[in-house]
Amino acid sequence: MSTTPKTQANLLQSLNQALHDAMEDDPAVIVFGEDIADPEGGGIVKLTHGLSTKFGARVRSTPISEMAFVGAAVGAAVAGFKPVVEIMLMNFTAVCMDQITNHAAKLRFMSGGQTHVPMVIRTMTGSGMQNGGQHSDFLEAWFCHTPGIKVVMPSNPVDGYGLLRSAIDDPDPVLFVEHLPSYWLPGAAPERGSRIPIGKARVHRQGCDVTVIGYSRAMHDIAPVAEKLAADGIACEVIDLRTVSPLDMDTVLTSVKKTGRAVVVHEAVKSFGVGAEVSSRIHEALFRELKAPVERVASADSPVPYAPPLEAAFLYRPADIETAIRKTLA
Amino acid sequence: MSTTPKTQANLLQSLNQALHDAMEDDPAVIVFGEDIADPEGGGIVKLTHGLSTKFGARVRSTPISEMAFVGAAVGAAVAGFKPVVEIMLMNFTAVCMDQITNHAAKLRFMSGGQTHVPMVIRTMTGSGMQNGGQHSDFLEAWFCHTPGIKVVMPSNPVDGYGLLRSAIDDPDPVLFVEHLPSYWLPGAAPERGSRIPIGKARVHRQGCDVTVIGYSRAMHDIAPVAEKLAADGIACEVIDLRTVSPLDMDTVLTSVKKTGRAVVVHEAVKSFGVGAEVSSRIHEALFRELKAPVERVASADSPVPYAPPLEAAFLYRPADIETAIRKTLA
Amino acid sequence: MHANEADGKTLVAIYRKMALIKHSDDRVIDAMKAGRMQMPYYSARGQECIPAAISVLLDDADYLVTIYRGVHDMLAKGLPAKLLWAELAGKATGSCKGKGGPMHLTYPSKGCMVTTGIVGASLPIACGLALAAQLRGETRVTIANFGDGASNIGAFHESLNLASVWKLPVVFVCQNNRYAEHTSYAKGTSCERIADRAAAYAMPGVRVDGNDPRAVYRVAQTAIARARAGEGPTLIEAMTFRFNGHLIGDMGEYIPKADYAAALAADPYPRFRQQLLDDRHASAAELDAIDAAVREEIDDAEAFAMSSPPPDAREVTRDVYAHDIA
Amino acid sequence: MHANEADGKTLVAIYRKMALIKHSDDRVIDAMKAGRMQMPYYSARGQECIPAAISVLLDDADYLVTIYRGVHDMLAKGLPAKLLWAELAGKATGSCKGKGGPMHLTYPSKGCMVTTGIVGASLPIACGLALAAQLRGETRVTIANFGDGASNIGAFHESLNLASVWKLPVVFVCQNNRYAEHTSYAKGTSCERIADRAAAYAMPGVRVDGNDPRAVYRVAQTAIARARAGEGPTLIEAMTFRFNGHLIGDMGEYIPKADYAAALAADPYPRFRQQLLDDRHASAAELDAIDAAVREEIDDAEAFAMSSPPPDAREVTRDVYAHDIA
Ligand SMILES: Cc1ncc(C[n+]2csc(CCOP(=O)(O)OP(=O)(O)O)c2C)c(N)n1
Ligand SMILES: Cc1ncc(C[n+]2csc(CCOP(=O)(O)OP(=O)(O)O)c2C)c(N)n1
Ligand SMILES: [Mg+2]
Ligand SMILES: [Mg+2]
């Protein structure tokens, strides 16, 4: 995988490339997690394929001990390494939450800046694969509400590469959330060594009628809706947050100032989700300029079900995005 | 403590009373947690004092094993008991997050309603005691974003008693968050056996100019500000949410419809906090009726510091509440 | 014959459970290969002897907690094949109404209390079920299943310690199939034998050949009797192997060919069948009849699953809480 | 004399560290009783012998991770008393600028890397520091301190297993003071000796009298040598007692009077002083001089702390990330 044609790549390939390049460029980068070394297949989706063969002891498969190996990443980071650890699925952050939120996120502050934790936690998630209630959740809101850690959620191979390289460079801990079902979607290949700044959103599409804000999988659902509405003469300005914490409110507010309308979309359950923070900040900053209240499109407030028809009922439907957009224009 | 004069009681006494009465009234109620039995002092603040002496094996001090004993509470609840477990401080939920969010909150749904988890998790927290970054956080937003568990946060002895009794009666898991620094504030004593419904906010003070919404410790800071402003002819309607998830939006929206203005206050850090959800829902429901954007007053987006002057700088100042209220009136 | 030696009738009952597990598993894989079914399926084929031999010592009142790789445990304990199949197929008639799937199989009326997809999480919950039985003064026992890899996660440690301190009536059954996903035993586990970890909790720990029904029955009988007598928990390490990889689709490249071949050669199902014949506990005709009956049960189960309706979309708003959500 | 026997000079060095810890602790409590200071303070008085004897075997490059009850570990490893006192007092001149307090003492230039307030969390982090040394091919060792109660939490288990599988250069030091907050050892811990738990990780485990400097030195010397030689981790259980309860204010009602009295009678500080005199390693005058010098160091530290300015309110926006927040 480390020799991908430079023209096209999927997210899986671009992240694998980013890890290869980062380890090549910086001897401080180390990688570990369950099944990630080549004897174990190079990761359950082969995302870390080739790393252990090339970089030896710097790449390790771990026991099923998230507390121990995430904590070990914290310690190695304090000692000057740049660990990139994989927590296989996002729900498993729940077994090592303490090391992430009480330690990785806080050691710089609690030590008065004497130590810091330049580590990256990679994890994957997403519904639609019949993985059920304990293997599909988007839990980014938990970590966004935790000062001291950043949350990055790419939606395409180029951003994935550049954001992962920036996350590894970053002097502070970064939670890097990957959407499992879209690993295999083809896209443009990243430039070797390219960086995408953390904390900067991307205007995916220009438009003057309504701002549609999303990240991760939502971008795949928003794009076609924006296309469709363009045909009806509704010009959506589509923003990919890319980094969910800290939020790039400059980009968001600049757009909403222009459009006067906004819709926020994410897969995570709606209540107390990221959409609430984005919506509140827009209302707080642009209350007078807004032509309609900010709409939120998200999943049902339930665990993720198993049966495909229920998974479909859990997730917002693309039609919900269109409805929300039209509502702001009504 | 189980024999408090019925006229006055502090939160500590009323919660102790609620546990005594619940265990007396319902043999299915069991209590465990670290140091909670009488040989261990009846809890670090003596909140569970007297229970083990009176109820024997139904009350147990546990090893320092939050995963095991919270999981054991889940299992006992599935088997028909009503466990009330204490996670000493709220930050320690991070070591047993998996049992709370992946299991307690989800078993009813994942089993298709064949099992359910009628348990209560009591925990205490709050800054202002120099406990620092790992012993002071308000993390309710994590659990509010988790469908399947309810979040209750009383602000006074009467609500504390009635809500704890209702939480124990409830067929679903309830996270019951207590504000440690206000345990010893005197208040009215609860009626034995009284219940306060979960999911119902309380209008603490009537007013027509601005709605001020809070819960837990925030109520102690809001009340005097409302008094002060009343003298200046500003009539605040003060709402104590009491239950943070599910939110009682009927009560909130009825009030804001009347006042056209709202301020939300909580101790938890501001970004991605409960205030964002409340603010978004008000804007979504009453955009046209609102005279000003909803204001949020909360703590700085940092870990909780140790030194008293920094703790003061971390927490919102009462003056911030007044400023926010006046801002909505400007 | 000792109390903890299985008699012929019991051995045949174990065989029937093994047959049910094997034929159901074969059929699921066949259905998936043929495209009749689709799911993340964690086959336990090769491990059927463990729950088969344990469950003949249990009754419906006894509790069972297991993991994503738990179809064998559930079938052995009494989850009806129809309800299992409908659940796997994601139908409204499934034991969990299609909401749980293979990782969350549940059927309380037969003591199938919880199935978890989180490694290690089955143990604390089992402690709670056992605590319930202890507080009620029942002789009910709780069986907690988990894998070898799970013995390296914190919940294992906390649970065995708590169970020992509180003398809980629970039997911890580690089904050691020598792999945790694609990671071999030694790469993740520092000790030679997981059974030895019991000493850290002043608890009996015993390793047994998980492919030998008589041996599993023997150690389980002792552990269950100990639990029922209020003497506390036991850790059983049952050595076994999973024939179909971690998940269907897993090609097992990480397993040395020779090991794989040896494991297949030790397939407990044909081996046990031969033993029953050799020891004259049953005739070939009797065992064939059992297999035929079981296959018919699976036919019915698949037909029931396939002909059942999908769940109603509104089910997403149900069972989140006791009351429906908007 | 064996390599692992402390010589006279070393024993006196250990005495100096014990004196520093004792006098600092006495003074903190005096300052709190007199109202000069206020904080949640977890006294380690009674346990001073353990870090004193271990730290003479370490140099500044070696790493230390400890817990809220870690002032003794930090002072022994080299955290300057002034910076400790200023931190306890919550001053801008504290080692953590007043942001961390007693539960988060840090001073990397002497290898004082992390202090945690979460039970068990010191162990995984220590594994990571040890991994760093291993990857760099250094002989640097990491000391991970924790209590007896912590040996029942999941992070302990996962960390010892990981350290053993990866042969990490770490020494796990369980300071067994027989209580976890108000819970006595046996109520929370299922095994007789925590040292025996090492077997579950194929790791050497040794119990030692934590009040005997020579004994602690001996076992620590062996464990540290083993770690530096790349042979892997060791678990040391050092038996001790905390004289001032869990937190200042704790009256110790849960401790049987006789046990308390016996523990006080075994106070390591006067006992060791007498041994040094008996063995002629130092004269009373020499030891008095050490105590006097240490007391002076504490006088300066308290004066420095008291006269230092409080942190600026803007510090709340600093050190959350590398860049300041709004
Ligand atoms: C806490 C947690 N971490 C990781 C996983 C991903 N995972 C699922 S199964 C598995 C391997 C478990 O191996 P073992 O315990 O031996 O059970 P087996 O699958 O072999 O039956 C892993 C790592 C998980 N489900 N939960
Ligand atoms: C995960 C977690 N649970 C509970 C606590 C509360 N707590 C603080 S110290 C302590 C007792 C620890 O006992 P031990 O490990 O023996 O250390 P000691 O205090 O005796 O030195 C407890 C339960 C905590 N800090 N972290
Ligand atoms: Mg296995
Ligand atoms: Mg202790």
Side-chain angles (χ1 to χ4, degrees), chain C residues 118-125 127 130 146-168 170 172 174 176 179-180 183-207 231-235 237, chain D residues 118-125 127 130 146-168 170 172 174 176 179-180 183-207 231-235 237:
Chain C
I118 305 295
V119 167
S122 57
L123 289 84
I125 295 172
C127 287
F146 56 99
D148 47 295
S151 76
N152 297 315
I153 203 163
F156 164 90
H157 177 69
E158 294 190 9
S159 301
L160 268 70
N161 183 65
L162 184 71
S164 181
V165 169
W166 286 1
K167 275 180 160 281
L168 297 176
V170 54
F172 297 105
C174 179
N176 183 351
Y179 286 89
T183 301
S184 60
Y185 179 88
K187 270 199 184 163
T189 314
S190 52
C191 59
E192 283 280 317
R193 300 149 53 92
I194 289 166
D196 295 343
R197 289 184 164 170
Y201 316 102
M203 183 190 301
V206 50
R207 174 184 269 198
E231 290 157 20
T234 300
L235 171 62
E237 176 186 20
Chain D
I118 306 295
V119 167
S122 56
L123 289 84
I125 295 172
C127 287
F146 57 98
D148 47 296
S151 77
N152 297 316
I153 202 162
F156 164 89
H157 177 69
E158 294 191 10
S159 300
L160 269 70
N161 184 64
L162 184 70
S164 180
V165 170
W166 287 0
K167 276 180 159 283
L168 297 176
V170 55
F172 297 105
C174 179
N176 183 350
Y179 286 89
T183 301
S184 60
Y185 179 89
K187 270 201 184 162
T189 314
S190 53
C191 59
E192 282 280 317
R193 303 149 51 93
I194 289 167
D196 295 342
R197 289 185 164 169
Y201 316 103
M203 183 190 301
V206 51
R207 173 183 270 195
E231 291 157 19
T234 301
L235 171 62
E237 176 184 21

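Below, chains carry the letters A, B, ... as their sequence lines are ordered, and counting in each starts from 1.
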Would a 4.5 Å heavy-atom cut-off, applied to side chains only, mark C/I153 and D/E158 as touching?
yes

Return the OG to NZ distance between C/S190 and D/K167, rounded to the nearest 0.5 Å.
12.0 Å

Mind checking ring-ring contact (aromatic ring centres under 6.0 Å, His included) for C/F156 and listing every partner two or more places apart, or none if nothing turns up?
C/F146, D/H157

Any idea which of C/A200, C/A163, C/A202 has the most non-hydrogen atom pairs under 4.5 angstrom with chain D?
C/A200

Could you check whether atom CD of D/E192 has more than 12 heavy atoms from other residues, nucleotides or ligands sitting under 6.0 Å from it?
no

Given a strict heavy-atom distance threshold of 4.5 Å, which part of C/S151 is in contact with chain D: side chain, backbone, both, or neither?
backbone

Do you know which of D/L162, D/V165, D/N161 has the most heavy-atom pairs with chain C at a distance under 4.5 angstrom?
D/N161

In terms of heavy-atom pairs under 4.5 Å with chain C, which of D/G188, D/A155, D/G120, D/A186 leads?
D/G188

Against chain C, label D/D196 side chain, backbone, both or neither, depending on which of its atoms sit under 4.5 Å from a heavy atom there.
neither

